[in-house]
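Working notes, structure below.
Everything numeric here is computed off the predicted structure, so don't read it as measured data. In the text below, chain A, chain B and the rest are named by the order of the sequence lines, each starting its count at 1. What you see below is based on every heavy atom in this structure, not just the backbone, and it leaves out hydrogens, waters and symmetry mates.
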Number of protein chains: 2
Amino acid sequence: MAGGGTTAGRSVTARALAVLGAFDSTAPRLTLSEIAERSGTPLSTAHRLLGELTGWGALHRRPDGRYEIGRRLWDLGLLAPVQLELRQVAAPFLLDVHTATRDTVHLAVREGRSALYVERVSGRESVPVVSQVGSRLPLHATGVGKVLLAAAPDDVVEAVLRAPTRETRHTVVEPARLRREVAEVRRRGYARTAEEMSLGTLSVAVPVWVERPAGPAVAAALGIVVPSHRRDLLRLVPVLEVAARGIGRELARADAFR
Amino acid sequence: MAGGGTTAGRSVTARALAVLGAFDSTAPRLTLSEIAERSGTPLSTAHRLLGELTGWGALHRRPDGRYEIGRRLWDLGLLAPVQLELRQVAAPFLLDVHTATRDTVHLAVREGRSALYVERVSGRESVPVVSQVGSRLPLHATGVGKVLLAAAPDDVVEAVLRAPTRETRHTVVEPARLRREVAEVRRRGYARTAEEMSLGTLSVAVPVWVERPAGPAVAAALGIVVPSHRRDLLRLVPVLEVAARGIGRELARADAFR
DNA sequence: CCTGGCCTCCCGGCCAGCGGAAGGAGGCTG
DNA sequence: CAGCCTCCTTCCGCTGGCCGGGAGGCCAGG
């Protein structure tokens with residue numbers, strides 16, 4: 001019997017987490033063997049862990065035998081600070097902007113070298129966009145991304161400028177030009193893009209400033225995406241600014257309250 | 001050394017899950033000792049598990065030392081079917097209803113003997129309501145709850161009627177009267193409440209029917225909450241019905257697509 | 001300076017978890 | 001309809017990873 005001989009130092013918890021980690025947005029529903037393979041766990045081990053995770057409610061087993069994320073993990077996820085603080089505070093303001101403009105409105109925060117989309121309001125008549133809540137998109141090719149990039153520490157800016165991906169034929173990838181854009185965003189207080197992430201859409205975005213004991217900081221970026229035939233893009237900047245200031249004020253209050 | 005002697009059969013995974021389970025909406029931020037106590041885990045064991053969970057990103061440790069749910073669990077939660085299928089399909093329709101009415105709109109599903117609030121659209125000018133995304137409220141005291149109750153199997157109805165909680169002085173708790181209301185909801189196709197869950201608000205709700213291979217079924221309930229001085233509550237029923245039918249159709253399509 | 005609360009780290013015994021392998025269920029093919 | 005394949009479930013004895021008491025550190029308050 002091989003026994004635990006080949007466990008290679010991975011702890012039980014690490015294996016259980018690896019099993020959970022097998023799920024992602026490209027694979028939200030998996031069979032036992034897929035999970036075993038994706039998590040690098042022997043079949044029978046995966047089977048046992050899945051039994052426990054399912055029993056607790058972290059996962060759910062469908063009638064067809066496949067596994068998916070369970071309600072209990074959904075619940076836990078709702079307790080994450082990004083959800084509990086940012087989203088709940090910001091949602092009504094995004095709604096205001098959407099009501100005034102009828103376009104797709106986004107709220108994103110920086111996570112490493114990506115923009116993490118935290119909230120989105122988009123009706124059925126809005127332009128189709130790639131971003132969803134939970135998506136991570138590059139900092140250099142979206143409106144909210146550029147705002148977050150302009151507010152990021154220098155080492156992040158340098159790392160992003162070193163290898164900007166080309167998303168469409170309009171994506172700006174020249175480091176010098178990106179550097180100029182970042183400076184411009186800092187000066188003007190808003191960012192704009194034209195078909196740099198997906199063809200047929202323009203975007204503008206502004207920072208959400210929050211007063212903290214340590215001084216003002218950019219906590220998020222608020223942006224709007226419109227079809228590319230629109231001419232009056234900059235008209236939206238004041239609308240976004242009003243909402244962003246409202247969000248910032250509420251966040252500062254929430255911070256003070258702890 | 002006590003060793004594993006007193007483990008009482010709880011598996012490692014069960015302990016790790018117990019640690020996660022220490023978090024809930026009333027306690028989204030916890031210290032090590034609180035977690036140890038709430039999860040019934042010895043301090044040093046909790047400490048070790050927290051280290052692993054934090055390392056993986058399931059939890060996050062704040063500068064002040066307390067733990068909270070991490071981004072990675074938030075991500076995973078977004079993959080739950082309730083989020084991925086229902087919410088994403090329904091969100092634009094809730095938005096439509098909100099735009100037309102400016103009131104707070106809810107989508108809920110039944111989970112056991114509770115109504116689980118899955119999505120909510122509410123501006124800043126809407127009436128304040130207790131429900132949040134992820135809340136569980138009683139089936140007998142809310143609009144969406146009554147709709148879900150009317151669609152529930154008999155044993156659930158009986159169980160709910162046996163011990164209805166009194167939420168406000170207007171809550172209907174007499175089993176006979178509740179039974180009559182359920183029959184009425186089934187006949188009329190909508191439910192209404194008047195200050196039964198929180199004072200100062202009325203609500204109406206309709207079922208979301210989905211065509212399935214096994215026949216039509218109520219997948220969710222769509223409801224709206226308005227301040228109690230409004231007189232034209234029933235005017236909203238057709239609005240909700242249009243949206244509910246739209247959601248049902250999209251869900252059936254999504255089902256077919258798998 | 002002491003006290004108390006809270007966190008971090010250490011260590012050796014022991015049992016819970018490990019995973020290969022056999023067997024079952026179901027579906028597709030020739 | 002037999003044969004084959006894929007996928008899932010269960011079994012079981014060995015062993016290495018987990019357990020948790022306790023020592024010690026850190027910090028705030030008295």
Side-chain angles (χ1 to χ4, degrees), chain A residues 1-23 27-70 213-214 258, chain B residues 1-23 27-70 213-214 258:
Chain A
M1 226 96 325
T6 347
T7 55
R10 276 175 101 198
S11 72
V12 191
T13 314
R15 285 149 197 265
L17 291 173
V19 164
L20 291 181
F23 294 85
R29 257 190 306 270
L30 296 168
T31 66
L32 167 60
S33 351
E34 286 167 341
I35 293 171
E37 164 140 16
R38 292 173 65 99
S39 64
T41 312
L43 194 70
S44 57
T45 302
H47 183 252
R48 189 166 18 82
L49 291 174
L50 284 168
E52 282 202 86
L53 292 167
T54 304
W56 189 76
L59 298 178
H60 172 74
R61 189 150 200 197
R62 300 159 44 99
D64 69 6
R66 284 187 291 176
Y67 295 87
E68 58 194 2
I69 299 295
R258 179 69 37 126
Chain B
M1 225 92 329
T6 347
T7 53
R10 274 175 103 198
S11 71
V12 191
T13 313
R15 284 150 197 264
L17 291 173
V19 164
L20 290 181
F23 294 84
R29 259 190 305 272
L30 297 168
T31 66
L32 167 59
S33 347
E34 286 168 340
I35 294 171
E37 164 141 16
R38 292 173 66 100
S39 63
T41 313
L43 193 69
S44 56
T45 302
H47 182 254
R48 189 168 16 87
L49 291 174
L50 284 167
E52 284 202 85
L53 292 168
T54 304
W56 188 76
L59 298 178
H60 172 74
R61 189 147 200 199
R62 299 159 45 98
D64 68 6
R66 284 187 291 175
Y67 294 87
E68 57 194 3
I69 300 295
R258 178 68 38 127

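- Here B/R48 does not reach the OP1 or OP2 of D/dC18: none of its side-chain N or O atoms lies under 4.0 Å away.
- Taking atom CG on B/L50 and atom P on C/dC9, their separation rounds to 13 Å, with Å as the unit.
- Contact annotation: B/R15 reaches the phosphate of D/dC19 (side-chain N/O to OP1 or OP2, under 4.0 Å).
- Between B/E34 atom CD and C/dG5 atom C1' the separation is 12 Å, expressed in whole Å.
- Atom-to-atom, CD1 of A/I35 to C1' of D/dC8 comes out at 12 Å; the value is rounded to the nearest Å.
- Straight-line distance from the CD atom of B/E37 to the P atom of C/dC6: 10 Å, rounded to whole Å.
- Contact check, A/T31 against D/dC7: no side-chain N or O comes under 4.0 Å of OP1 or OP2.
- We find that CG of B/L30 is positioned 13 Å from P of C/dC6, with the value rounded to whole Å.
- With rounding to the nearest 0.5 angstrom, the CD atom of A/E68 is 10.5 Å from the OG1 atom of A/T54.
- Scanning all heavy atoms of the two residues, the minimum distance from A/L17 to B/W56 falls at O-CZ2, 3.3 Å.
- You'll find that the side chain of A/S44 is closest to C/dG20, out of C/dG20, D/dG20, C/dC18.
- For D/dT9, the OP1/OP2 oxygens have a side-chain nitrogen or oxygen of A/R61 closer than 4.0 Å.
- Rounded to whole Å, the distance from CG on B/L49 to P on D/dC18 is 9 Å.
- Distance check, rounded to the nearest 0.5 Å: OG1 of A/T45 to CZ of A/R15 gives 6.0 Å.
- The shortest side-chain heavy-atom distance between A/R10 and A/T41 falls under the 4.5 Å cut-off.
- Summarising the geometry, the separation between CZ on A/R10 and P on D/dG16 is reported as 18 Å, rounded to the nearest angstrom.
- Note: B/T31 OG1 to B/D64 CG = 9.5 Å, rounded to the nearest 0.5 Å.
- Put simply, A/H47 has no side-chain N or O that comes within less than 4.0 Å of OP1 or OP2 on D/dC8.
- Comparing A/G65 and A/V12, the nucleotide of DNA chain D nearest to each residue sits closer to the 5' end for A/G65.
- Between the CZ atom of A/R66 and the C1' atom of D/dT6 there is a distance of 15 Å, rounded to whole Å.
- For D/dG17, the OP1/OP2 oxygens have no side-chain nitrogen or oxygen of A/S11 closer than 4.0 Å.
- Checking the phosphate oxygens (OP1, OP2) of D/dC8, a side-chain nitrogen or oxygen of A/S33 falls inside 4.0 Å.
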